[in-house]
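Structure record follows, encoded as structure tokens.
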2 protein chains.
Amino acid sequence: MALEHAILVSLEERSGSGYELARRFDKSIGFFWAASHQQIYRTLKRMVQLEWVTCTEVAQDGRPDKKVYGVGEAGRAELRRWLAEPSDPTVLRNDLAVKIRGASFGDIPALLAEIARHRDAHAERLDVYRVIEKRDFPDPAVLTGRHLHQYLVLRAGIRAEQGLVDWFDEVLEAMRRDGGEDR
Amino acid sequence: MALEHAILVSLEERSGSGYELARRFDKSIGFFWAASHQQIYRTLKRMVQLEWVTCTEVAQDGRPDKKVYGVGEAGRAELRRWLAEPSDPTVLRNDLAVKIRGASFGDIPALLAEIARHRDAHAERLDVYRVIEKRDFPDPAVLTGRHLHQYLVLRAGIRAEQGLVDWFDEVLEAMRRDGGEDR
DNA sequence: CGACGCAGTGCAACTAGTTGCATAAGACGG
DNA sequence: CCGTCTTATGCAACTAGTTGCACTGCGTCG
């Protein structure tokens, strides 16, 4: 249940419409908290009812009208409360680990091809993060405040992707050595 | 939607009751695919209806009767199919990353204390995995087949936990340097 | 002019997961 | 003897997330 708070953080950084929020989730926040536009719209509606966010309809020329959301005082207080609240450890679900655990019951070459495909996808995402790191945070040692926070979140993504790529390489090497491709 | 297949893998390894499956999820499979006993029971029911698994009631002395599940032919075929099926990249949700992103809107010392607490919890889990690695896989180079697969899954957990601990250390060091504790 | 994409919003039905509780049999300790 | 724990099973109501679709306004392209 962090979607509300991810939305509050984003709107505190900058007010915006549901559509703009969805775009931010696609490009930035969604790397560490994924949400569909539908979920965002529904959650925004509930947050308006809770008075956590304010909503202003804005007429537009040549485009559909839009609703611009901002954080209300109750939302600000709720965000402060949540930021200090202890949370449970993240629950993990990794379907590739399930597949590797069950590899001997299936077609191992096909599974290895699938793992290689995931490895390449994660390597690509790692490349994206590296480019962002170089472009936006060329000198991490001098970062402070909000920029430092954004950088540290990017670092989580980089570490996670690197860890996955390394793991996939280990899996491919070991299972290929085990004869996984000639059965 | 991999719970069905995690259950199929576990029952292929060894038949068992819903209660036994829940214990296996608590101690082993749950490290990479978490599920509550209630979810397992409900899913088993549906899998019996699909004829993916067989179900035999076993009377017991001094204990409640139990239902023992095994994999049926349809389940075996479904598992083979799923193991070869391409899957979507894992969707990520990390509430601590959301908190770090929003740190400047809250109580930074309290957040740092929370991060330290998570760091210690993950370091403990990493220790548990290291002990399992030493005990069960002292010589990884000679592993083959199913034992190799189990080892590689454990390696995913080790890498993930190590990555998290390293990230938490980076976050704590950088935010403390940024004066996070004297505000 | 119709299809598609971007800029906008949102309903409904569904799946996946969680929580809380309930039941029963036996062992054990206070 | 009562409370707690282990061994067993499972209902119901809920939240979180997904899917598919629908609608509007405008620009572009074939």
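Letters go in sequence order (proteins before strands), and every chain restarts at 1. This one's a predicted model, so the numbers in the text were calculated from it and none came from an experiment.
Across all strands, A/R93 comes closer than 4.0 Å only to sugar-phosphate atoms, never to a base (heavy-atom distances). When heavy atoms are screened at a 4.0 angstrom cut-off, B/Q38 is found touching base atoms of the nucleic acid.
One interatomic measurement links the two molecules: CG of A/D61 to P of D/dG25, which rounds to 13 Å at whole-angstrom precision. Whole-Å rounding puts the B/L3 CG to C/dG17 C1' distance at 10 Å. B/Y41 has its OH atom 8 Å from the P atom of D/dA8, to the nearest Å. Atom CG of B/D65 is separated from atom P of C/dA25 by 10 Å (rounded to the nearest Å). Whole-Å rounding puts the A/E57 CD to C/dT9 P distance at 9 Å. When rounded to the nearest whole Å, the span between CG of A/D95 and C1' of C/dA16 equals 14 Å. For A/L92 and C/dG17, the CG to P distance is 13 Å, given to the nearest whole Å. The nearest whole Å value for the distance from the CD atom in B/Q60 to the C1' atom in C/dA24 is 13 Å.
When the nearest nucleotides of DNA chain D are assigned to A/A35 and B/E20 by heavy-atom distance, the more 5′-ward of the two goes with B/E20. Along DNA chain C, the nucleotide nearest to B/R42 and the one nearest to B/P64 differ in position, and the one closer to the 5' end is contacted by B/R42. Projected onto DNA chain D by closest heavy-atom contact, B/V91 and B/R23 fall at different nucleotides, the more 5' of which corresponds to B/R23.
Ring pair A/Y19/A/H37: centre-to-centre distance not below 6.0 Å. Here A/H147 and A/Y151 keep their ring centres 6.0 angstrom or further from each other.
Here the side chain of A/Q39 is nearest to one of C/dT9, C/dT18, D/dT18, namely D/dT18.
For the residue pair A/T90/B/H118, the side-chain donor-acceptor check at 3.5 Å is not satisfied.
Not one side-chain nitrogen or oxygen of A/K45 sits closer than 4.0 Å to the OP1 or OP2 atom of C/dT9. Look at A/R63 and you'll find a side-chain N or O under 4.0 angstrom from OP1 or OP2 of C/dG8. Using a 4.0 Å cut-off, some side-chain N or O of A/Y19 falls inside it from OP1 or OP2 of C/dA7.
Residues B/R159 and A/E170 are paired through a salt bridge, judged by an N-O separation under 4.0 Å between the basic side chain and the carboxylate. Salt-bridge annotation for A/R101 and B/E13: present, with a side-chain N of the basic residue lying under 4.0 Å from a carboxylate O of the acidic one.
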